[in-house]
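Everything below concerns the one structure shown next.
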Amino acid sequence: MPLWKGRFQKELDKQTNDFNASISFDSRMAQQDIRGSIAHATMLGRQGIIDEAESGKIVAALRQIALELESGKLAIDRTAEDIHTFVEAELTKRIGDSGKRLHTARSRNDQVALDLRLYLLDESEKLEASLNRLLRVITAKAKETYDFVMPGYTHLQRAQPITFGHHLLAYGDMLLRDRARLQDCKKRMAVSPLGSGALAGTTYPLDRGFAAAQLGLTGVSSNSLDGVSDRDYVLELLSCLSILMVHLSRFAEEVILWCSWEFKFVELDDAFSTGSSIMPQKKNPDIAELVRGKAGRVFGDLMTMLTVMKGLPLAYNKDMQEDKQAVFDAMDTAVICLDTFAPMLETARVLKDNLRAAAAGGFINATDCADYLVGKGLPFRDAYKCTGELVAACIEQGLTLETLPLEQYKAACDLFGEDVYQAIDLDACVNRRTVKGAPAPANVLREIAALEEKI
Ligand code: ARG
């Protein structure tokens, strides 16, 4: 039976009832709903709004319901309108009239706003744990590969030498920012709307701060209309998740490229790749592709909620019930992507020789060659032009800067000497990149230690 039976003469039309109900998806907030109700009932008793003994009875019964739901002894009634209705009905079934006093000075509007905040705060813990796990995998892989020389790219063209560990740590920085964004967003989520009532607060002498503190929240909302109609915490979380998915998607894209025969920088473990039903030779990076694809889904969830919210007059409107599926989907998706990506990366083999071969073939030491001339006193722009001409000569003769004879160097510029070969040696080029944030192996080791500290 709905909670709002009073003025209605007829049952709700069957299809409309299903359309209106949210139990199929909001039942996952059962524990948070009960926690919120326990805090509310305790506060009502403490303030003398309901009898203390009755408050105690409500709290005890709610605790019992929570336990039974958790153990599976009690099943959620799927015909209830929503989780709030179910819990209240179950409570009243157990303790009669006392149960009917729980909703004093409360509306489902402030109740659902509270439940969703509590639920998302709990889920954020899981997300953070998953983020940390991937960060630890990145750290471990970076340790393995801190001195693996590879070409760094711009425009997907070989640019300058870096190390694989350094490349991985770039994703470490992105994920650290994701974690910081999430932590920041949680600050605003941890505010209690309870006491906002339906929209206009309440005439009862509530102690809103007490209820909030009981729930581990840091404060109470200051405007009752905003309290029930604010879904910024959903939008912020979805934004954080979307940015996180941008990062995972870019990482996935690189894994996909690296697995291709054109690159072959990385070999995924069989346990994290799939085959083709027709092409026997295939080993596909489906997992990375799915992560890349699921980013679209999370962006869609963000777009859903921006669009749901943008035209809503104050205060609560039923449109807002749509918030749950969108944010649940985004949260579930991000967590599963992190949890699948981490072991895939952990078990991947990084093919050091292939990285090296790619680094040796693409003139990625040309900048270093120009810098060599700068060291001999030539202005950089002239050194740049001279090196460019040497690269063109190499390409024409099928040579590299390493194999170009010294006479040709000298013919281009008499500042060149035998030591040019040492200056353009790939390891030397990488080892020299020691400025803060650069890919020299010694730097990478320091950055790994710093990252470990932060995790
Ligand atoms: N299931 C509803 C939701 O998710 C609960 C709030 C209902 N409030 C109301 N005034 N009908 O938003």
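- Checked for salt-bridge contact, E289 and K294 miss the test: no charged N lies under 4.0 Å from a carboxylate O.
- Contact check on D173 versus K454 returns no salt bridge, with no Lys/Arg side-chain nitrogen under 4.0 Å from an Asp/Glu carboxylate oxygen.
- Between E70 and K73 there is no salt bridge, since no side-chain N of the basic residue sits under 4.0 Å from a carboxylate O of the acidic one.
- Applying the ring pair (Phe, Tyr, Trp, His ring centres under 6.0 Å) rule to H247 yields no partners; only residues at least two apart in sequence or on another chain are considered.
- With sequence neighbours excluded, no residue forms a salt bridge (charged side-chain N to carboxylate O under 4.0 Å, His left out) with R177.
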Residue pair R231, E322: steps toward the salt bridge (charged side-chain N to carboxylate O under 4.0 Å, His left out) verdict
CA-CA 11 Å; R231 291 296 181 272; E322 294 295 315; over 6 Å; no

L237 and L182: CA distance, side-chain angles, deciding distance, side-chain contact (heavy atoms from CB on, under 4.5 Å) verdict
CA-CA 7 Å; L237 181 61; L182 180 69; 3.6 Å; yes

Please step through salt bridge (charged side-chain N to carboxylate O under 4.0 Å, His left out) for the pair D230 and R117, ending with a clear verdict.
CA-CA 11 Å; D230 168 30; R117 285 172 184 266; 3.0 Å; yes

Before giving the answer on side chain to side chain donor-acceptor pair (under 3.5 Å), spell out for H166 and N443 the whole-Å C-alpha distance, their side-chain angles and the decisive distance to 0.1 Å.
CA-CA 9 Å; H166 186 65; N443 260 19; over 6 Å; no

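- S37 places a side-chain heavy atom less than 4.5 Å from the side chain of R106.
- Salt bridge present: R432 and D368 bring a charged side-chain N and a carboxylate O closer than 4.0 Å.
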Assess whether side-chain contact (heavy atoms from CB on, under 4.5 Å) is satisfied between I65 and E68, documenting all intermediate values.
CA-CA 5 Å; I65 293 172; E68 289 180 24; 5.9 Å; no

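- Here E81 pairs with R108, K318 under the salt bridge (charged side-chain N to carboxylate O under 4.0 Å, His left out) rule; sequence neighbours left out.
- Under the 3.5 Å distance criterion, the side-chain polar atoms of Q321 are matched with a main-chain donor or acceptor of N20.
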Salt bridge (charged side-chain N to carboxylate O under 4.0 Å, His left out) between R188 and D232, worked out:
CA-CA 9 Å; R188 283 174 294 280; D232 286 5; over 6 Å; no

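- Put simply, the side chain of V291 does not reach to within 4.5 Å of the side chain of V255, judged on heavy atoms.
- Under the salt bridge (charged side-chain N to carboxylate O under 4.0 Å, His left out) criterion, the residue pairs touching residues 239-257 are E253-R292, with sequence neighbours excluded.
- Shown here is E11, whose CD atom has no more than 12 heavy atoms of other residues, nucleotides or ligands within 6.0 Å.
- Salt bridge status for E144 with K352: absent, with no side-chain N to carboxylate O gap under 4.0 Å.
- Counting heavy-atom neighbours within 6.0 Å of Q9 CD, excluding the residue itself, gives a total of 12 or less.
- Qualifying side chain to side chain contact (heavy atoms under 4.5 Å, CB included) partners for T202, counting only residues two or more places apart in sequence or in other chains: A105, Y204, L206.
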Could you walk me through whether E346 and L134 pass the side-chain contact (heavy atoms from CB on, under 4.5 Å) check?
CA-CA 9 Å; E346 191 171 25; L134 180 56; over 6 Å; no

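- Formation of a donor-acceptor pair under 3.5 Å by the T163 side chain with backbone atoms of P439 is found in this model.
- Taking all atoms of both residues into account, the shortest heavy-atom contact from I162 to P151 is CG1-C, 4.1 Å.
- Applying the salt bridge (charged side-chain N to carboxylate O under 4.0 Å, His left out) rule to D270 yields the partners K283; only residues at least two apart in sequence or on another chain are considered.
- The shortest distance between side-chain heavy atoms of D332 and R28 falls below 4.5 Å.
- No side-chain heavy atom of V87 sits under 4.5 Å from any side-chain heavy atom of L102.
- In this structure, the ring pair (Phe, Tyr, Trp, His ring centres under 6.0 Å) partners of F341, at least two apart in sequence or on a different chain, are F251.
- Using a 4.0 Å cut-off between charged nitrogen and carboxylate oxygen, R356 and D427 count as a salt-bridge pair.
- Using a cut-off of 4.0 Å between Lys/Arg side-chain N and Asp/Glu carboxylate O, K14 and D18 are scored as salt-bridged.
- Residues meeting the ring pair (Phe, Tyr, Trp, His ring centres under 6.0 Å) test with F8, sequence neighbours left out: W4.
- Applying the ring pair (Phe, Tyr, Trp, His ring centres under 6.0 Å) test to residues at least two apart or on different chains, the pairs with a partner in residues 125-153 are Y153-F263.
- Classification of D184 and K187 as a salt-bridged pair holds, one side-chain N sitting under 4.0 Å from a carboxylate O.
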Stepwise side-chain contact (heavy atoms from CB on, under 4.5 Å) test for D13 and N17:
CA-CA 6 Å; D13 167 74; N17 183 57; over 6 Å; no

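- No side-chain heavy atom of D301 sits under 4.5 Å from any side-chain heavy atom of M331.
- A salt bridge links K186 to E125: one of the charged nitrogens lies within less than 4.0 Å of a carboxylate oxygen.
- Checked against side-chain hydrogen bond (donor to acceptor under 3.5 Å, both in side chains), T154 has no partners two or more places apart in sequence or in another chain.
- At most 12 non-hydrogen atoms from other residues, nucleotides or ligands lie less than 6.0 angstrom from NZ of K126.
- In this structure D226 satisfies the side-chain hydrogen bond (donor to acceptor under 3.5 Å, both in side chains) test with no other residue, sequence neighbours excluded.
- Residues forming a salt bridge (charged side-chain N to carboxylate O under 4.0 Å, His left out) with K282 (at least two apart in sequence, or on another chain): none.
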